[in-house]
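The structure appears below as structure tokens.
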Amino acid sequence: MEVVQSHRKSSSNNVIVSILPLYRSAPPLEVRLEDFEFFAIDRLRVLKGISDGLCRGKKPEEMEKLVLDLWKANMRHPQAVEEVNKDIISHFVLRLVYCRTEELRKWFLSMETTLFRHRFRWESSEAQRALMSEFKLPYKAVSNAEFESLKDKLGQVARSMGQTLAAADAIFYKVPFEEVPDLVAGRRVFIHKGHAYVAINQVVSLVVTQFRSYLSKALILTNRKWTSTIREQEKDRLTPIVEALCTSYLGPDYSQQQEFGEISIKDIDQVAKTSFPLCMRHLLEKVKEDHHLKHGGRMQLGLFLKGVGLKLDDALAFWKAEFAPKVSAERFDKEYAYNIRHNYGREGKRTDYTPYSCQKIISVTPGIGDHHGCPYRHFSEENLRAALVRMGVSSRAVEDVMDKVHNRHYQVIR
Amino acid sequence: MTKEQADNGRDDMVIDGPGQANDVPDEFNANYLRIYYGKLFPHADMFKWMSYGNDGKHPGCDKSYFGRREFSFTLENDIYIRFQSFNSVTELENSIKEKCPFKIDIGPVYSVDPAKRHAYAQSGDNVFTPVERELVFDIDISDYDDVRYCCTGADVCLECWPLMTIAIKVIDTSLRDDFGFNHILWVYSGRRGVHCWVCDGKARRLTNEQRAAIADYFHVYKGNENGHKKISLPGLVLYPFLARSYTEVLKGFFEAKLLPNQNLLASEERYEKILEMIPDASVASELRRRWQENKRASMSKDDINIVRWEQLKSILQSGKQKMQGLRRCVEEIVFSYTYPRLDMEVSKHMNHLLKAPFCVHPKTGRVCVPIDPNNCDEFDPTTVPTLPQLLEELNREGPRQDAENEWDRTSLGESVTFFRTSFLQPLLKSCKEEIENSYNAKLQQSKNALSW
């Protein structure tokens with residue numbers, strides 16, 4: 001691909017043990033212009049499908065099947081060589097498309113990493129080992145002596161996860177704990193003096209972290225090249241394709257600011273009953289009950305009210321009035337007013353903040369005394385049922401909702 | 001402020017002596033604070049700490065390092081100024097003495113001097129972004145209000161303070177044994193909690209994702225009144241860190257101290273909270289029945305809480321229990337009462353500001369002194385030096401010619417000495433080694449390149 005010629009050696013000279021490319025360097029291939037676009041579109045369908053699946057809170061096993069199906073449907077080719085070429089070319093084209101802003105890069109990185117993770121998992125173990133050595137991971141296989149001394153603890157970790165330490169699992173790798181954050185977070189590895197002892201089947205995590213880190217840096221470099229030379233050079237040929245590819249697939253973007261309607265302070269209670277989602281109704285109820293909300297709740301509800309059209313002055317009046325029994329007007333002005341104005345972009349770095357997306361709200365960890373978060377995820381079953389009944393939801397519908405909750409479909413609840 | 005002005009200030013003041021830890025205006029005011037910053041606050045030590053060995057003496061030093069650190073000041077009248085930075089100890093000291101901040105917060109080290117941040121973009125290549133920051137933890141006793149009956153909210157006493165002590169023990173041990181960190185500073189927050197600063201180079205360079213992973217590793221207590229059972233310990237056995245914490249710290253503390261001192265099983269209201277945590281309703285009913293029958297009778301001279309706890313344990317841990325959820329029930333109860341409750345958000349982000357050690361808490365007048373994790377049982381928050389107390393101690397000694405190390409004449413001396421010998425000196429030694437090693441490595445690298 002002439003347009004993104006890099007000066008690094010192509011990896012195609014090596015013996016290919018696995019067909020899973022690492023996208024280290026752009027291959028010196030020739031591509032037809034239509035393929036440039038169509039390959040990218042096919043890959044984009046896979047990535048969008050993954051994005052959808054993640055938003056819907058699909059479990060790992062479901063995601064695995066989804067990714068496999070998406071790949072088969074869009075990226076397969078009868079000839080293996082052609083399939084590999086399409087894989088590589090489409091990836092590099094999309095790099096151009098998605099390198100151009102921070103948000104695009106974040107999305108692309110997340111989807112490509114998920115894709116890579118699942119594809120890696122369905123490789124054979126020799127192929128996996130070969131890929132690991134390509135990454136030059138800073139890990140060492142644990143010696144027999146060390147393994148013997150740690151066997152008890154390693155077994156304890158396995159049993160704490162409901163597994164057992166079979167003889168076959170006696171292959172462990174030792175890595176700095178920083179390399180496997182998700183394993184550490186879930187207490188799924190034994191750590192000692194800063195080293196994590198990773199089982200062979202957990203190695204996926206190691207590899208994926210490397211992949212992600214590499215791609216993240218590569219995207220920044222690609223962006224530089226794009227802005228400095230490529231975009232101009234290709235303005236009559238590839239640039240229009242690249243720019244169109246991106247916008248045609250972003251879909252409805254609720255994070256954009258749109259002046260649709262307004263509500264005023266007197267509308268809030270009424271509108272809450274008819275139109276607020278459960279999380280916001282709950283927060284509103286709590287603030288009226290307690291005359292206070294902790295920071296997480298103030299942010300989630302405050303930004304939402306702003307998003308539905310509550311103006312700054314009304315917002316200040318609303319919070320002040322609700323807090324009045326517990327907070328004097330003076331203290332309110334001192335301690336709370338600044339943050340509200342900050343949310344509306346009138347202070348500090350003057351960013352006009354948009355309300356939190358469902359994805360963000362679902363992902364927070366409400367702590368003690370907090371009322372924010374997503375009730376479908378964070379409430380216990382009893383409390384959620386009670387809340388839905390209070391809202392006036394019919395009992396059949398309540399069962400339907402609880403069913404979705406058990407399957408972790410927090411976002412498709414209407 | 002000159003020495004004459006300081007003396008005049010002292011003559012005018014009436015000092016009442018060591019006060020109580022309540023909201024009394026005499027504990028804390030700007031005049032007292034000015035003298036504190038003038039004579040007692042360890043500016044030079046803070047500077048050395050924050051420089052992490054980059055004092056310019058070694059060619060490998062980064063002279064810009066200290067100047068890229070953010071400080072923020074909260075002034076009288078709640079005026080809050082962020083992105084303060086200083087290029088030398090003198091600038092730092094003069095600014096503190098001049099502005100007399102009621103609170104000093106320490107932020108991250110940025111890619112460039114925070115004072116110049118507006119010249120840099122928010123994203124892209126030339127960014128203004130945090131590059132180093134200590135790994136920090138914040139534990140606040142008001143998060144334990146549901147398990148302490150002696151105090152609520154901002155109050156703290158010797159009955160409930162031990163909850164902080166065991167939190168320190170659990171987290172400190174894990175940071176050293178599991179994560180391999182060495183340079184850890186624990187600080188009293190001045191009123192009702194503790195802060196932890198992990199200062200190893202590896203810790204300062206952790207990404208937000210890695211910090212979140214460590215916070216999640218420590219996250220066991222998922223308290224939330226709307227949510228599910230607060231502690232859930234599935235699996236056939238406990239994960240090593242949890243098992244160690246239980247056997248070495250939590251179990252002993254719960255059974256010997258918390259249970260009897262807070263009378264956790266003595267009354268119906270309190271024992272119901274524990275019975276609620278037992279997933280098997282028939283077991284809970286059995287215990288309830290027994291305890292209701294024995295309301296007034298004291299069968300032995302033993303504490304009623306301990307007796308009942310033994311009964312609970314013997315039912316739950318008897319071999320007869322087949323139900324899955326009961327396996328770890330006893331541990332879950334102990335964990336839910338005693339396991340450290342960290343503020344997750346504080347630890348997860350590099351740009352989170354945290355109060356500096358040796359500040360004075362405006363509501364209590366107490367100094368935020370370091371706590372020795374190896375002796376944390378001895379720490380008593382009710383005897384931490386207060387501002388008026390320190391000033392009175394200075395007064396008693398009379399003026400001195402040598403204005404250096406005034407803290408040595410006061411109760412603060414012990415804390416500053418501890419800070420230096422147990423924390424700062426080992427840390428700086430390690431930093432110097434790091435700087436030297438990385439400098440030598442770079443030299444070697446360029447030599448290799450040349451020789452090629």
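Chain letters run A, B, ... following the sequence lines, proteins first, then strands; residues in each count from 1.
Using a 4.5 Å cut-off between heavy atoms, A:Y338 makes no contact with chain B at all. With a threshold of 4.5 angstrom between heavy atoms, B:D78 approaches chain A through side-chain atoms but not through N, CA, C or O. With a 4.5 angstrom heavy-atom cutoff, B:F181 touches chain A only via side-chain atoms. Using a 4.5 Å cut-off between heavy atoms, B:L233 makes no contact with chain A at all. Contact of A:K153 with chain B is made through backbone and side chain together, with heavy-atom distances under 4.5 Å. Contact annotation for B:R82: neither backbone nor side-chain heavy atoms come within less than 4.5 Å of a heavy atom of chain A. In this structure, chain A has a heavy atom under 4.5 Å from the side chain of B:L242, while its backbone stays farther away.
Closest of all the heavy-atom pairs between A:K193 and B:R176 is NZ-O, 3.6 Å. Nearest heavy-atom pair, A:S160 versus B:L238, reported as atom, atom and distance to 0.1 Å: CB-C, 4.0 Å. The two atoms that bring A:P181 and B:A213 nearest to each other are O-CB, 3.2 Å, heavy atoms only.
Residue-environment remark: NZ (A:K106) stays at or below the threshold of 12 foreign heavy atoms within 6.0 Å. Around CD of A:E289, the count of heavy atoms belonging to other residues, nucleotides or ligands within 6.0 Å exceeds 12.
For the set B:E345, B:R211, B:H118, B:K202, the count of heavy-atom pairs under 4.5 angstrom toward chain A peaks at B:K202. In terms of heavy-atom pairs under 4.5 angstrom with chain A, the leader among B:D178, B:L206, B:D216 is B:D178. Residue with the most contacts toward chain B among A:M161, A:H192, A:Q156: A:Q156 (heavy-atom pairs, distance under 4.5 Å). Contact count versus chain B (heavy atoms, under 4.5 Å) is highest, among A:G194, A:A387, A:G186, for A:G194.
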*What's the verdict on side-chain contact (heavy atoms from CB on, under 4.5 Å) for A:R187 and B:V220, showing C-alpha distance, side-chain angles and the deciding distance?*
CA-CA 10 Å; A:R187 290 193 293 267; B:V220 178; 3.6 Å; yes
*Pair B:F241-A:I191, side-chain contact (heavy atoms from CB on, under 4.5 Å): steps then yes or no*: CA-CA 9 Å; B:F241 153 64; A:I191 55 173; over 6 Å; no
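Separating the OG1 atom in B:T207 from the CD atom in A:E178 is a distance of 9.0 Å, to the nearest 0.5 Å.
Between the side chain of B:Y239 and the backbone N or O of A:V189 there is at least one donor-acceptor pair closer than 3.5 Å.
For the pair B:I214 and A:F177, the minimum side-chain heavy-atom distance is below 4.5 Å.
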